[in-house]
Amino acid sequence: QVQLVESGGGLVQSGGSLRLSCVASGFGLGYFAIGWFRQAPGKEREGVSCISTRDGTTDYADSVKGRFTISRDNAKNTVYLQMNRLKPEDSAVYYCGVLRTGYYCSGFEATDYDRWGQGTQVTVSS
């Protein structure tokens, strides 16, 4: 069965760090660009970061640049999102998805991604 599973969320104080994991089963993550998105209550799903498969290039939303780092371990079929200097506005359910439209990251349109996992909750207290 093809699926993604996110983990690593939790409750952290403002300024703290978390590392999220996105593990694939049923297919090799190394063949696809993978994106991290987040969705807060009452808001649309927004892109956070993406990592391309062919050259490992990365992309970040302006709101997380310099604080978040995306990486990939193809041997473990896992993509990570290291989140540092967290802020209360980072609180959301975080999802990973597979880019359907190509191997290279290009913007953060949620409709370009599929195979979403169930998400992992991140809560940052002030």
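Here the side chain of Asp73 pairs no donor or acceptor atom with the backbone of Thr78 at under 3.5 angstrom. A donor-acceptor contact shorter than 3.5 Å links the side chain of Thr120 to the backbone of Gly9. Counting only distance, with no hydrogens or angles, the side chain of Glu6 and the backbone of Gln118 share a donor-acceptor pair below 3.5 Å.
The ring-ring contact (aromatic ring centres under 6.0 Å, His included) check on Tyr31 picks up nothing, with sequence neighbours excluded. In this structure Asp55 satisfies the salt bridge (Lys or Arg N to Asp or Glu O under 4.0 Å) test with no other residue, sequence neighbours excluded. For the side-chain hydrogen bond (donor to acceptor under 3.5 Å, both in side chains) test, residues two or more places apart in sequence or in another chain that qualify with Gln121 are Thr123. Looking at residues two or more places apart in sequence or on another chain, you find no salt bridge (Lys or Arg N to Asp or Glu O under 4.0 Å) involving Lys43. For Asn74, the side-chain contact (heavy atoms from CB on, under 4.5 Å) criterion is met by Arg72, not counting sequence neighbours.
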(request) Dump the intermediate steps for side chain to side chain contact (heavy atoms under 4.5 Å, CB included) on Val48 and Ile70, then the final yes or no. (result) CA-CA 10 Å; Val48 174; Ile70 190 170; over 6 Å; no
(request) Could you please spell out the steps behind the side chain to side chain donor-acceptor pair (under 3.5 Å) verdict for Ser14 and Ser126? (result) CA-CA 5 Å; Ser14 182; Ser126 57; over 6 Å; no
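Rounding to the nearest 0.5 Å gives a distance of 8.0 Å between CG of Leu4 and CZ of Arg115. Within the model, atoms CD of Gln82 and OG of Ser21 stand 10.0 Å from one another, a figure rounded to the nearest 0.5 Å. If you take CZ on Arg67 and OG on Ser49, they are separated by 12.0 Å, rounding to the nearest 0.5 Å. The line from CZ of Phe108 to SG of Cys50 is 6.0 Å long, rounded to the nearest 0.5 Å.
Across all non-hydrogen atoms, the minimal contact from Lys65 to Tyr60 is CE-O, 3.3 Å. Heavy-atom minimum distance, Met83 versus Leu86: CB-CD2, 3.8 Å.
For Tyr103 and Phe32, the gap between ring centers reaches or exceeds 6.0 Å. Between Trp36 and Phe68, the gap from one ring centroid to the other reaches at least 6.0 Å.
Connection of Phe27 to Val5 is not established within any shared hydrophobic cluster, with ILVMFWY side chains joined at heavy-atom distances below 4.5 Å, either directly or through further cluster members. By the rule that hydrophobic residues join a cluster once side-chain heavy atoms approach within less than 4.5 Å of another member, Val122 and Val79 end up as members of one cluster. No chain of hydrophobic side-chain contacts below 4.5 Å, direct or via other Ile, Leu, Val, Met, Phe, Trp or Tyr residues, connects Ile51 to Tyr80.
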When the side chains of residues 91-99 are checked against the rest of the protein, which donor-acceptor pairs come out under 3.5 Å, sequence neighbours left out?
residue, atom, partner, partner atom, Å
Ser91, OG, Pro88, O, 2.9
Ser91, OG, Val124, N, 2.8
Tyr94, OH, Arg38, NH1, 3.0
Tyr94, OH, Asp90, O, 2.6

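A donor-acceptor contact closer than 3.5 angstrom links the side chains of Asn84 and Ser17.
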